[in-house]
Q: 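I have a structure I would like to understand better, so I am pasting it below and will then ask my questions one at a time.
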Amino acid sequence: MSTSPAISRLPPLPALRDFIHMYKLQAKKILSQNYLMDMNITRKIVRHAKVRENDWVVEIGPGPGGITRGILESGCGRLDVVEIDRRFIPPLEYVAEAAGEGRLNIHHENALKCDVGEFWQNEEHRPPSIPWKNANLPNMHIIGNLPFNIASPLVIKYLKAMSYRREIWKYGRVPLTLTFQLEVAKRICSPIACSTRSRISIMSQYISEPEIVFKIPGSCFVPSPDVDVGVVRFVPRKTPLIKAPFEIIEKMCRQVFHYRQKFMIKGLKTLYPKELEMELSHELLKSCRIDPTMTSISLGIEQFADLSEGYYEQCKRIPGLFHYDYTRPKITIENLSQKPMPEMIEFLDEKEQENNVEAEKWSLKDFTVS
Ligand SMILES: C[S@@+](CC[C@H](N)C(=O)[O-])C[C@H]1O[C@@H](n2cnc3c(N)ncnc32)[C@H](O)[C@@H]1O
């Protein structure tokens, strides 16, 4: 795939509405298709994503191409779109032709199954990778007005890849700007002790800093959904707030939030087989100094960090524990003991950062001792 470094903005195209008639692009309910036809809103999404001239962008679910046009108008160097519905490919090809050679690349794929980092793997003009510890973000973005039915699984897939610095995150702290039903957006960004606090709040906030950058009334979409929409921008953190593998944190959050109105220990116990639940749950809570009668929504990220890191130690000590599923109690931890455990990857720059903190501590100590 060739990419021209010379940037041209987008020449005039038929209006989006005419495009939809030309290509007979009636929205399909099964694919949660709600189009954004107002270019002021699509441009606003691109502005909030902070796309600058020459940046490289991936768009998920371009549909008839409203946001696609906004991204191309911003002067991005290259845009790759991932669309599952074949009907949109010809109109997107029309836009690609207008955008200039190599600028718009169309991938007819399922976003849940593809690694968008691969699109740029062998591209010599790719913007430079930026180390995670650096304050700057790479000149790359993922943007999408997601179908409601895939928004949550897709964001979990992306947070996981982010935590392992895989897929597009091998290039650095690439930000994500995605739309969600407003209720889901509020859960993602929820502060502690709010009724919106849930598993997705912890999963999103330990690895990134999510923010609702603006809201879009449901009436702005065609056809209009019954709900309003929140645009969320996720900026990956330089260092995650929890030091345990993603799968461990995910399991801890899932079980602890299982009984939202009850004491948190009730959910915690479901991590363990019946015969071990008292011993292991109390051991964990004691080491974390957490009151078992707290509710899940009143636990902070630091407490989830202690719980997840402590549970990870228990899983390393007790083979099979990580794979135990309380809904299938007949499958014992002995049966599961041969299954591999997720492993913590230590990234060099994190180690470096820790060493710097250690070195600082030591030099201070030396100073005060002398
Ligand atoms: C809510 S519509 C948004 C369309 C367009 N971006 C807009 O704002 O008008 C969601 C789009 O995602 C596409 N889509 C649905 N599931 C998908 C998947 N698994 N992978 C890629 N695209 C998907 C739909 O076909 C549709 O074009």
Side-chain angles (χ1 to χ4, degrees), residues 13-49 51 57-74 76 79-96 104-116 118-119 141-158 161 167-168 176-182 184-185 213-232:
L13 290 168
L16 267 175
R17 250 167 233 290
D18 298 338
F19 228 50
I20 287 182
H21 291 303
M22 264 163 70
Y23 288 96
K24 301 189 173 61
L25 302 173
Q26 270 69 31
K28 279 189 187 167
K29 218 174 176 178
I30 190 171
L31 290 177
S32 298
Q33 289 172 341
N34 306 99
Y35 306 146
L36 271 174
M37 309 297 288
D38 181 343
M39 284 301 295
N40 290 322
I41 297 180
T42 65
R43 289 182 187 122
K44 191 169 173 186
I45 294 178
V46 180
R47 265 200 317 278
H48 278 279
V51 178
V57 185
V58 173
E59 187 196 350
I60 308 298
I67 300 176
T68 317
R69 293 180 185 206
I71 299 169
L72 290 165
E73 283 175 1
S74 74
C76 73
L79 168 60
D80 288 66
V81 295
V82 184
E83 175 55 62
I84 202 168
D85 186 345
R86 183 181 297 281
R87 296 178 307 149
F88 294 114
I89 306 302
L92 289 168
E93 281 168 351
Y94 186 111
V95 178
L104 173 58
N105 301 281
I106 302 159
H107 306 268
H108 178 216
E109 283 183 56
N110 181 348
L112 286 169
K113 294 191 180 153
C114 81
D115 168 356
V116 296
E118 268 182 14
F119 301 159
H141 312 262
I142 296 187
I143 300 180
N145 172 23
L146 297 175
F148 292 152
N149 58 344
I150 69 155
S152 295
L154 192 71
V155 84
I156 289 288
K157 168 183 154 64
Y158 285 164
E167 302 191 8
I168 205 167
L176 278 171
T177 306
L178 305 173
T179 59
F180 297 89
Q181 292 182 45
L182 191 54
V184 178
V213 287
F214 72 102
K215 297 173 189 165
I216 310 176
S219 55
C220 294
F221 293 82
V222 180
S224 299
D226 299 333
V227 290
D228 293 340
V229 164
V231 181
V232 181

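Counting starts at 1 for both ligands and their atoms, following the listed order. Throughout, residue positions are numbered sequentially from 1 according to the sequence presented.
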Q: Which of the atoms of ligand 1 are close to Asn34, meaning less than 4.0 Å from one of its heavy atoms?
A: 1 (C), 2 (S), 3 (C)
Q: Ile150 heavy atoms, cut-off 4.0 Å: which ligand 1 atoms fall inside?
A: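 Counting from 1, the qualifying ligand atoms are 17 (C), 18 (C), 19 (N).
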Q: Can a donor-acceptor pair be found, under 3.5 Å and without considering hydrogens, that links the side chain of Glu59 to the backbone of Gly144?
A: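 Checked: no pair found.
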Q: Is Ile60 near ligand 1, meaning one of its heavy atoms is under 4.0 Å from it?
A: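 Contact absent.
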Q: What residues, two or more places apart in sequence or in another chain, satisfy side-chain contact (heavy atoms from CB on, under 4.5 Å) together with Asn40?
A: Asp38, Arg43
Q: Would you say ligand 1 has an N or O under 3.5 Å from any N or O of Ala111?
A: yes
Q: Does Leu36 approach ligand 1 within less than 4.0 angstrom via side chain, backbone, both or neither, non-hydrogen atoms only?
A: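 Both backbone and side chain.
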Q: Within ligand 1, which atoms have a heavy atom of Gly61 less than 4.0 Å away?
A: 3 (C), 4 (C), 5 (C), 6 (N), 11 (C), 12 (O), 13 (C), 22 (N)
Q: Roughly how far, to the nearest 0.5 Å, is CG of Leu16 from OH of Tyr35?
A: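 So the OH of Tyr35 and the CG of Leu16 are separated by 11.0 Å.
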Q: If you count the atoms of ligand 1 from 1 in the order shown, which ones are under 4.0 Å from a heavy atom of Val82?
A: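 With Val82 as reference, the close atoms of ligand 1 come out as 21 (C), 22 (N).
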Q: Within the 4.0 Å heavy-atom shell around Pro62, which atoms of ligand 1 are there?
A: 4 (C), 5 (C), 6 (N)
Q: Only heavy atoms count here, so choose which of Asn145, Ile84, Ile20, Val81 is nearest to atom 21 (C) of ligand 1.
A: Ile84
Q: Could you work out, with ring pair (Phe, Tyr, Trp, His ring centres under 6.0 Å) as the rule, every residue matching His48, not counting sequence neighbours?
A: Phe214
Q: With a heavy-atom distance limit of 4.0 Å, tell me whether Phe88 approaches ligand 1 through its side chain, its backbone, both, or neither.
A: side chain
Q: Within ligand 1, which atoms have a heavy atom of Asp85 less than 4.0 Å away?
A: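 Result: 25 (O).
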Q: Any nitrogen or oxygen of Leu112, side chain or backbone, less than 3.5 Å from one on ligand 1?
A: no
Q: Can you list the atoms of ligand 1 that are under 4.0 Å from a heavy atom of Glu109?
A: 20 (N), 21 (C)
Q: Would you say ligand 1 has an N or O under 3.5 Å from any N or O of Gly66?
A: no
Q: For ligand 1, is Glu59 a contact, meaning one of its heavy atoms is under 4.0 Å away?
A: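 In this structure, Glu59 qualifies as a contact of ligand 1 - some heavy atom is under 4.0 Å.
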Q: Before signing off on this row, confirm whether Tyr35 and ligand 1 have an N or O atom pair separated by under 3.5 Å.
A: no
Q: If every non-hydrogen atom of Leu146 is compared with every non-hydrogen atom of Thr179, which pair is closest and at what distance?
A: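 Scanning both residues, the minimum pair turns out to be N-OG1, 3.0 Å.
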Q: Please tell me whether Phe180 and Phe148 form a close aromatic pair, meaning their ring centres lie under 6.0 Å apart.
A: no
Q: Rounded at 0.5 Å granularity, tell me how far OG1 in Thr177 sits from CD1 in Ile71.
A: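 So the OG1 of Thr177 and the CD1 of Ile71 are separated by 9.5 Å.
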Q: Which atoms of ligand 1 are found less than 4.0 Å from any heavy atom of Asn110?
A: 18 (C), 19 (N), 20 (N)
Q: If only side-chain N and O atoms count, and only distance matters, is there a donor-acceptor pair under 3.5 Å linking Asp85 with Gln33?
A: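 Note: Gln33 and Asp85 side chains meet the donor-acceptor criterion.
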Q: Is any side-chain heavy atom of Leu72 less than 4.5 Å from a side-chain heavy atom of Leu79?
A: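 A side-chain contact under 4.5 Å exists here.
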Q: With no hydrogens and no angle check, is any side-chain donor or acceptor of His108 less than 3.5 Å from a backbone partner on Ile84?
A: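 Yes: the side chain of His108 pairs with the backbone of Ile84.
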